[in-house]
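Comments concern the structure below.
Keep in mind the model is a prediction, meaning the values are calculated, not measured.
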Amino acid sequence: GLGLKLDYKAISKGAVVVGIVETGLLAKWNTENPNKVVQNGDRIVAFNGKECLGDELLSALKKAEGEMVLTVLKNGDK
């Protein structure tokens, strides 16, 4: 799986990354893309180009197959 722990509210925009599992796909992404590392505190705001509320994002991630595009707002970005 993604190897990702998220904190979210059903009506909040996206979800905040609160944990990354060392053996997951996100950890692999971070190793292969050192200039685009996703870290704790970053917020995933869209899935495959569609902005999502927390519940929508979790549902989309659970059903996802194949390539995914996640839009991440870096912690500290405005």
Side-chain angles (χ1 to χ4, degrees):
L2 281 178
L4 181 62
K5 295 179 185 176
L6 299 171
D7 183 28
Y8 70 98
K9 292 186 172 58
I11 58 170
S12 295
K13 185 174 182 180
V16 176
V17 176
V18 294
I20 300 169
V21 179
E22 292 180 21
T23 57
L25 291 174
L26 189 58
K28 181 179 177 187
W29 162 267
N30 283 345
T31 299
E32 294 173 355
N33 298 276
N35 295 328
K36 299 178 183 180
V37 170
V38 177
Q39 301 172 313
N40 288 343
D42 293 347
R43 179 178 292 271
I44 300 172
V45 295
F47 176 82
N48 288 344
K50 180 182 181 277
E51 289 188 6
C52 300
L53 297 178
D55 279 350
E56 295 170 330
L57 177 63
L58 268 285
S59 178
L61 289 171
K62 287 178 182 178
K63 296 176 187 174
E65 295 181 6
E67 185 175 316
M68 315 176 224
V69 176
L70 302 177
T71 303
V72 178
L73 180 64
K74 298 295 292 169
N75 187 19
D77 286 354
K78 296 183 179 178

Next item on the list: Would you check if the side chain of Lys36 reaches a backbone N or O of Trp29 as a donor-acceptor pair within less than 3.5 Å?
Entry: no

Checklist line | Separation between CG of Asn33 and NZ of Lys28, rounded to the nearest 0.5 Å | finding: 10.5 Å

Margin query: Please determine whether residues Leu61 and Val21 belong to a single hydrophobic cluster, defined as Ile, Leu, Val, Met, Phe, Trp and Tyr linked transitively by side-chain heavy-atom distances below 4.5 Å.
Written below: no

Check: Are any of the side-chain heavy atoms of Tyr8 and Leu57 separated by less than 4.5 Å?
Finding: no

Checklist line | Check: Asn48 side chain, Met68 main-chain N or O, donor-acceptor pair, under 3.5 Å | finding: no

Note to self: Looking at Asn40 and Gly19, would you say the former's side chain and the latter's main chain have a donor-acceptor pair under 3.5 Å?
What the structure shows: yes

Next item on the list: State, to 0.1 Å, how close Leu53 and Ala10 come at their nearest heavy-atom pair, and which atoms those are.
Entry: CB-O, 3.5 Å

Note to self: I need the single residue from Val72, Val16, Asp7 that forms a side chain to side chain contact (heavy atoms under 4.5 Å, CB included) with Arg43. Which is it?
What the structure shows: Val16

Checklist line | Residue Glu32 excluded, over 12 heavy atoms near CD under 6.0 Å | finding: yes

Next item on the list: Could you tell me the separation between the CD atom of Glu51 and the OG1 atom of Thr71, rounded to the nearest 0.5 Å?
Entry: 8.0 Å

Margin query: Once rounded to the nearest 0.5 Å, what's the spacing between atom CG of Asp42 and atom CG of Leu4?
Written below: 10.5 Å

Next item on the list: Mind checking the CG-SG spacing from Leu70 to Cys52? Nearest 0.5 Å is all I need.
Entry: 9.5 Å

Next item on the list: Considering non-hydrogen atoms only, spot the tightest contact between Lys74 and Val38 and give its length.
Entry: NZ-CA, 4.0 Å

Note to self: Working to the nearest 0.5 angstrom, can you tell me the gap between Glu22 CD and Thr31 OG1?
What the structure shows: 9.5 Å

